[in-house]
Amino acid sequence: SSLLSLLLLFVCSFLVAARDQTVGARGQLMCGDYPLNNTEVKLWELDTWPDPDDLLMTVTTDMNGRFQIWGTENEVTTISPVVKIYHRCNNKGLFSIPNFCKRKTTYAIPSSYISNGKTVQRWYDMGTMNMEAKQKNEDTECI
């Protein structure tokens, strides 16, 4: 009984230590000389097992390929945010079937852009990115 009480006290104190953390990123996506409009961009917060990763926000780029994305997560430890871009720029397609799969590129956001609270204090500016070339952190996602 006292062991259960001690465990409950530990869990409650752990939950109280959690805090809201917010992060935001923005940029412009290009495919060569053309803006990557209507392209899906997702902000994820990566967790370790058994806690699953958290999708914080999904946006699509505007007609100029621009996006702005942000999200808040309540965690005890510092969050690990990433931006994932799903696009078809220079996509050959699986089995030469165009548009069957999307290229997915993941970019980590440095921890210095994470702020306490529910407001973005400092935006991570990803700049203008040409998505033509294969990226280091690239994968393929098929629908």
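Small disclaimer: the values here were computed from a predicted structure and weren't measured.
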**OP:** Treat each ILVMFWY residue as a node, draw an edge where side-chain heavy atoms are under 4.5 Å apart, and state whether V82 and I109 are in one component.
**Re:** no
**OP:** Work out which heavy atom in W70 is nearest to a heavy atom in L43; give both atom names and the distance.
**Re:** C-CD2, 3.5 Å
Original post:
When L46 is tested against each of P81, S80, P52 for side-chain contact (heavy atoms from CB on, under 4.5 Å), which residue passes?
Top reply: S80
**OP:** Determine, stepwise, if the pair T61 / R66 fulfils side-chain contact (heavy atoms from CB on, under 4.5 Å).
**Re:** CA-CA 5 Å; T61 56; R66 290 189 179 95; over 6 Å; no
**OP:** Could you go through the side-chain contact (heavy atoms from CB on, under 4.5 Å) check for E141 and C101 one step at a time?
**Re:** CA-CA 6 Å; E141 186 163 296; C101 299; over 6 Å; no
Subject >> Hphob cluster co-occupancy, L56 + I69, side-chain heavy atoms under 4.5 angstrom >> reply: yes
**OP:** Before giving the answer on side-chain contact (heavy atoms from CB on, under 4.5 Å), spell out for T119 and T22 the whole-Å C-alpha distance, their side-chain angles and the decisive distance to 0.1 Å.
**Re:** CA-CA 6 Å; T119 307; T22 301; 5.8 Å; no
Original post:
Would W123 end up clustered with M57 when hydrophobic side chains under 4.5 Å apart are linked, directly or stepwise?
Top reply: yes
Subject >> Linked, directly or transitively: Y124 and M129 (ILVMFWY side chains, under 4.5 Å) >> reply: yes
**OP:** Mind listing the closest non-hydrogen atom pair of V23 and Y113 along with its distance?
**Re:** CG2-O, 3.8 Å
**OP:** Please name the residue in the list K102, K84, R103 that meets the salt bridge (charged side-chain N to carboxylate O under 4.0 Å, His left out) test with E138.
**Re:** R103
Original post:
Considering all heavy atoms of both residues, which atom of V83 and which atom of A25 are nearest to each other, and what is their separation?
Top reply: CG2-CB, 4.0 Å
Subject >> Cluster overlap V41 with Y107, hydrophobic side-chain contacts below 4.5 Å >> reply: yes
Original post:
How long is the gap from CD1 on I79 to CG on N74, to the nearest 0.5 Å?
Top reply: 10.5 Å
Subject >> Under 3.5 Å: donor-acceptor pair, side chain of N137, backbone of T105 >> reply: no
**OP:** Check whether any side-chain N or O of N64 sits under 3.5 Å from a backbone N or O of P35 as a donor-acceptor pair, and report yes or no.
**Re:** no
Subject >> Test item: Q21 side-chain N/O and T77 main-chain N/O as donor-acceptor pair under 3.5 Å >> reply: yes
Original post:
Does the side chain of N116 come under 3.5 Å of the side chain of R19 through a donor N or O and an acceptor N or O?
Top reply: yes
**OP:** Would you please say whether a donor-acceptor pair under 3.5 Å links the side chains of T128 and Q28?
**Re:** yes
